[in-house]
Amino acid sequence: MTYVDPPAPVPMQPGEMPPTPSGTDLLSPGGQPTAWVFNPEYQRLVDLWLQVVPLMDRLTGALDKPYERARSRDVWDAPVAERYVHDLAEWRGRLGMYRQAVLTSISDEAADTPRWVPGGVGAPHAFS
């Protein structure tokens, strides 16, 4: 069973510009233009994603090699082999569900967190 990773938070791209100010800017007092900064909370989610994915890939790889060896009749041809293959397949499935849950939680929080926030204002956050 394979799982598809949810969409990753997008880091700030070179040359990416903040939102353009509008004439009806309600966030700034006195109609002054708003200075935008890249949201540090969103950047934290980008960094977290970049830390978690390689760890999950290493865990998956650590189970893939023994699983392939257990399935190979060149390694062993014993009745107990079927049990090991079944156990490893179950652990691979559990790890896939865990990976899906962790990455989905990061992706969902990133979807609810604005990429740009007005400078000098506390960053809006979905759950604060």
Side-chain angles (χ1 to χ4, degrees):
M1 178 177 285
T2 59
Y3 297 94
V4 176
D5 289 345
V10 180
M12 188 167 88
Q13 303 299 312
E16 182 178 353
M17 301 300 290
T20 57
S22 66
T24 59
D25 199 354
L26 300 175
L27 296 175
S28 61
Q32 296 294 326
T34 303
W36 294 90
V37 295
F38 197 75
N39 190 347
E41 283 297 311
Y42 191 88
Q43 184 61 46
R44 180 186 63 82
L45 295 169
V46 169
D47 295 341
L48 184 60
W49 182 278
L50 295 175
Q51 289 174 354
V52 167
V53 169
L55 291 173
M56 291 294 182
D57 289 342
R58 280 199 334 226
L59 282 172
T60 303
L63 283 178
D64 286 345
K65 189 174 181 180
Y67 178 73
E68 290 304 319
R69 283 190 177 168
R71 289 182 58 207
S72 171
R73 294 292 177 200
D74 295 338
V75 175
W76 58 9
D77 190 16
V80 74
E82 180 113 9
R83 186 180 85 217
Y84 288 121
V85 170
H86 176 66
D87 287 349
L88 284 168
E90 185 177 329
W91 278 105
R92 289 175 76 211
R94 288 180 184 186
L95 182 59
M97 289 188 295
Y98 179 71
R99 176 190 179 108
Q100 185 74 21
V102 169
L103 295 181
T104 299
S105 68
I106 295 170
S107 180
D108 287 351
E109 189 170 343
D112 292 338
T113 304
R115 290 174 49 84
W116 294 91
V117 293
V121 177
H125 189 266
F127 302 107
S128 59

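For clarity, every value in this text was computed on a predicted model and none was experimentally measured.
A continuous path of ILVMFWY side-chain contacts below 4.5 Å connects Phe38 to Val10, so both sit in one hydrophobic cluster. Each of Leu45 and Leu55 belongs to its own hydrophobic cluster when Ile, Leu, Val, Met, Phe, Trp and Tyr are linked at side-chain heavy-atom distances under 4.5 angstrom.
Between the side chain of Glu68 and the backbone N or O of Pro66 there is no donor-acceptor pair closer than 3.5 Å. No donor-acceptor pair closer than 3.5 Å links the side chain of Tyr98 to the backbone N or O of Met56. Between the Ser107 side chain and the Pro7 main chain, a donor and an acceptor come within less than 3.5 Å of each other. Within the 3.5 Å criterion, the main-chain N or O of Ala101 finds no donor-acceptor partner in the side chain of Thr104.
Side-chain contact check for Trp49 versus Pro6: some heavy-atom pair is nearer than 4.5 Å.
Between Tyr42 and Pro114, the shortest heavy-atom distance links the atoms CB-O, 3.9 Å. Contact record, Pro11 with Val46: CB-CG1, 3.7 Å, taken as the closest heavy-atom pair. Closest non-hydrogen pair, Ala89 versus Tyr67, comes out as CB-CE1, 3.8 Å.
The one candidate from Asp64, Asp87, Thr60 that meets the side-chain hydrogen bond (donor to acceptor under 3.5 Å, both in side chains) condition with Arg92 is Asp64.
Taken from OG1 in Thr113 to CD1 in Ile106, the straight-line distance is 11.5 Å, to the nearest 0.5 Å. Atom CD of Glu16 is separated from atom CH2 of Trp116 by 5.5 Å, given to the nearest 0.5 angstrom. Once rounded to the nearest 0.5 Å, the distance linking CZ of Arg94 with CE of Met97 reads 7.0 Å. To the nearest 0.5 Å, atom CD of residue Gln43 and atom CZ of residue Arg115 are 9.0 Å apart. Annotation: the span from Glu90 atom CD to Leu95 atom CG amounts to 12.5 Å, rounded to 0.5 Å.
A donor and an acceptor atom, one from each side chain of Asp47 and Gln51, are nowhere located under 3.5 Å apart.
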(Q) Between Asp57 and Arg99, does the side-chain contact (heavy atoms from CB on, under 4.5 Å) criterion hold? Intermediate values first, please. (A) CA-CA 9 Å; Asp57 289 342; Arg99 176 190 179 108; 2.7 Å; yes
Q | Stepwise side-chain contact (heavy atoms from CB on, under 4.5 Å) check, Val37 with Val117 | A | CA-CA 6 Å; Val37 295; Val117 293; 3.7 Å; yes
(Q) The test is side-chain contact (heavy atoms from CB on, under 4.5 Å); show your working for Trp91 and Leu59 and say whether it passes. (A) CA-CA 11 Å; Trp91 278 105; Leu59 282 172; over 6 Å; no
